[in-house]
Amino acid sequence: MQRWTTFAIPQMDCPQELGLISNGLKSLDGIGTLQPDYLQRELRVEYDDRLVQLEEIRARLTQIGFAPATSSLPIVERPLGGFWQELSRTPSLWIAAILTLAAFGLHLTSPLAAFETARWTRWLAIGATVLGGAPLLQGAWRAIRLRHLDMYTLVSLAASGAVLTGEVFEAATLVVLFRLSLLIESASQQRARRALRSLIELTPDTVHRLATASDELAAIETESLAQRSAVDIPLTDAQTGDVLLVRPGERIPADGVVLAGNSAVDESPLTGESLPSDKSVGDQVLGGSLCAAGSLTIRLTRSPDESAAARIVKLIEQARRQPADAEQFVDRFARIYTPLVVALAVLVFIVPMAWHLLGNSSEPAREAAANWFFRSLVILVIACPCALVLSTPVTVVSGLYRASHLGVLVKGGRFLEQAGVLRTIAFDKTGTLTFGRPTMAAVIPLVDRSADELLALAAALERHSEHPLAQAIRAAVPAGVEVPVCDEFLALPGLGVQGVVAQRTYRVVSLTSLERDDPSVLKRPALKEHPLFASSTVAMLVQQPDSATEPKGESAGQYMAAILLRDETRPEAAQVLNDLRRLGVEQIIMLTGDRAAVAAPLAKQLGIDTWQAGLLPDDKIALMRELADRQPDCAMVGDGVNDAPALAAAPIGVAMGAAASDVALENADVAVLQTRLTPLVDLIKLSRIVRRRIRQNVAIATGLKLLVLLLAAAGYASMWMAVAADVGASLLVIFNGTRLGSRSAVVNDAPLRVK
């Protein structure tokens, strides 16, 4: 059976290492696809457990010199060492650096040195080369055994050649700078890892438990919870259903519901909302948010490893494994880059020497050979594509992290990159352009029964439904009015609900669905004459015939009442749509299952030219597929529950308000955790910046190396220049990419239109 496993491999940070690992694992049967993550130094391995066992893979990786980390924790949870810490653990490097500086200083202070002094400077440089280059030779020998050309081989060859040609200072400088570059590069990459690490640190290590999940809440008076003594337990021991106390200034450990207390809660690390949200009894709270003022007693609705903060980390971890289009292109280019440069280095030596042997040069053969051999060695140093490969993933990971602080979860680098070129966006109406929290405006009885009685009957049918309209109907039942018991509840997707009350079958269905079977329903005087009817969302209470044993069309039943509901438009909706148009979105579409009479005024209010009403879920799916075929650069924005199939069908599905919605996270490509639409604009701006930074990084990585490559071919580049170009390019692309991860970073400098 095909399975996947992930190894944390500290030694892997470049495609060169992946080539070695790939060659090393060839001897094992059952190894499939290898998916590297150079930034986090992780390797996902596909394997057939019928042919190879996990321990065999681990043993083979250890055998070829890439021993997986013994910790089972994700790499973002492992300790992060700084540059000076890493340097202190490598005495051979700093001793080699001291020897190189001593040799260089002695050489500079004695320009007319005697033979003995010159000999000492050479031996100091050779000692630095041997001491600093020993780990490189080990890596080169490993690469030779695995029949793969990697950077250790290239640098070892270049250093050895420099010593043989008498350029001992170049050799010492090469090995010291190269090993320093590895440490600096590792320390720079940790900026992105610390970004993810900060999300891990949003949850406390210890929690205060008042009651366990096994305790019956009914037996615990809410007033007595404050009198209970809290027991401090590790966060890992907390379970769904536990009752916890969260004191002022503490992080909420996991998602839950407030049982007692009032507090302002800072959710900015999770949703990007800058202002604290007031929480009281019955409100939902997110794990990782800060209890800023006042204490809260909460009952956990999720375990700590399923909290909002934990899910964000998991989603970003998963997103890193879905490379952006630019990253895939760079990886493909890197596979041919090194062989081409190595071939160029060989040609730089062979062609001039052939020209010399043909008698076309007066330069002595030995000097010509040394000269062109040295140039080819410099070119070999430039052959490592690490900076080029890092140019994209470091930017994408920082962009994913930055998006999470804007209240947006993006489930892959591809979607983050595509968001910047969107030309068409389709919006669901209810819960997206509107608040999705409708309130009842009126009940219009169509039979000789009171409005309260009919409303209670509808509320009975909606008791088990979580649809916003159902919640509005239940909330509208006046105090003191008894809601009857409903049996045989049945959800009718895209239509409404059905149930049995007092041995009679009833339905609460949308007026839109009734119009299809019975257009005459709109002609009833009681409906036509009501002043709120035309502009309201209408749910119809229908009594089914006594003889109905199977669901029939609504026209076969008796219309008992029309329930009018109103939903307010989000105040920022018009501005967001205008901002999207300024960003180059050419077409904005509104899709709704509501009536055209309700959709038309809203579309006019928001300036939406294209809209479609009366849509069932299947209609939305068909429309999104048709739109995607016609315009691939399109997205669907919905509430993430009813629109889940359409979100999955869209090239980019964006779920709104998905902080507590598993359905949204599973079906959408992007989840907006805020309750506002403004993060959509931030997402597109951020995507533009990510795309621009990727282009900048690729230009830096290729431009610097190309410059040194040309200088080397012309004889003006030295070893240290080649190393500086490689190290400098890596550091520049890492710095340029990780700037996005700063919480102080803004997205206002994004270009308004894609160039």
(request) Applying side-chain hydrogen bond (donor to acceptor under 3.5 Å, both in side chains), run through T537 and D594 and close with a yes or a no. (result) CA-CA 7 Å; T537 299; D594 216 332; 2.4 Å; yes
(message) For R414 and D669: C-alpha separation, side-chain torsions, deciding distance, then whether salt bridge (Lys or Arg N to Asp or Glu O under 4.0 Å) applies.
(response) CA-CA 10 Å; R414 178 166 62 89; D669 307 308; 6.0 Å; no
(message) With side chain to side chain contact (heavy atoms under 4.5 Å, CB included) as the criterion, how do V45 and T33 come out once you've worked through the C-alpha distance, each side chain's angles and the decisive distance to 0.1 Å?
(response) CA-CA 6 Å; V45 179; T33 305; over 6 Å; no
(request) For the pair Q544 and T505, evaluate side-chain hydrogen bond (donor to acceptor under 3.5 Å, both in side chains) and give the outcome as yes or no after the intermediate values. (result) CA-CA 5 Å; Q544 296 296 101; T505 302; over 6 Å; no
(message) For L680 and V672: C-alpha separation, side-chain torsions, deciding distance, then whether side chain to side chain contact (heavy atoms under 4.5 Å, CB included) applies.
(response) CA-CA 8 Å; L680 287 175; V672 177; 4.3 Å; yes
(request) Determine, stepwise, if the pair D579 / R582 fulfils salt bridge (Lys or Arg N to Asp or Glu O under 4.0 Å). (result) CA-CA 5 Å; D579 289 342; R582 289 196 312 108; 3.7 Å; yes
(request) List the steps, then state whether side chain to side chain contact (heavy atoms under 4.5 Å, CB included) holds for D567 with T430. (result) CA-CA 8 Å; D567 191 7; T430 305; 3.8 Å; yes
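The shortest distance between side-chain heavy atoms of E46 and R3 does not fall below 4.5 Å. Considering only heavy atoms from C-beta on, F427 comes within 4.5 Å of L577 through its side chain. You'll find the side chain of I298 reaches within 4.5 Å of the side chain of I252, heavy atoms only. Residues I588 and T610 are not in side-chain contact: their nearest non-hydrogen atoms beyond the backbone lie 4.5 Å or more apart. Side-chain contact between V408 and D682 is absent, with no heavy atoms from C-beta onward closer than 4.5 Å. No side-chain heavy atom of W611 sits under 4.5 Å from any side-chain heavy atom of L591.
For the pair D629 (side chain) and E626 (backbone), a donor-acceptor distance under 3.5 Å is absent. Within the 3.5 Å criterion, the main-chain N or O of A539 finds no donor-acceptor partner in the side chain of S510. No donor-acceptor distance shorter than 3.5 angstrom exists from the side chain of R625 to the backbone of A646, with no hydrogens or angles considered. When atom types are taken as modelled, the side chain of K279 and the backbone of Q284 share a donor-acceptor pair closer than 3.5 angstrom.
Q696 is linked by a side-chain hydrogen bond (donor to acceptor under 3.5 Å, both in side chains) to N736, counting only residues two or more places apart in sequence or in another chain. Residues satisfying the side-chain contact (heavy atoms from CB on, under 4.5 Å) test with T424, not counting sequence neighbours, are Q587, I589, L627, Q631, C634. Not a single side-chain hydrogen bond (donor to acceptor under 3.5 Å, both in side chains) links Q605 to another residue, sequence neighbours left out. Looking at residues two or more places apart in sequence or on another chain, you find no side-chain hydrogen bond (donor to acceptor under 3.5 Å, both in side chains) involving T432. A441 meets the side-chain contact (heavy atoms from CB on, under 4.5 Å) test with L532, L564, R566; sequence neighbours excluded.
For residues 568-578, no residue pair satisfies the salt bridge (Lys or Arg N to Asp or Glu O under 4.0 Å) rule, not counting sequence neighbours.
Across P601 and A596, no two heavy atoms sit closer than the pair CD-O, 4.4 Å. Between T569 and A573, the shortest heavy-atom distance links the atoms CG2-CB, 4.2 Å. Annotation for S687 and L416: closest pair OG-O, 2.5 Å, computed over non-hydrogen atoms. Considering every non-hydrogen atom in both R688 and L583, the closest pair reads NH2-O, 2.6 Å. Closest of all the heavy-atom pairs between L300 and A238 is CD1-CB, 4.1 Å. Across all their heavy atoms, P438 and L565 have their closest contact at CB-CB, 4.3 Å.
D633 has no carboxylate O lying under 4.0 Å from a charged side-chain N of R423, or vice versa, which leaves the two without a salt bridge.
Relative to the ring axis of F533, R595 places its NZ or CZ within 45° and under 6.0 Å from the centre.
Atom-to-atom distance recorded for L683:CG and L409:CG is 11.0 Å, nearest 0.5 angstrom.
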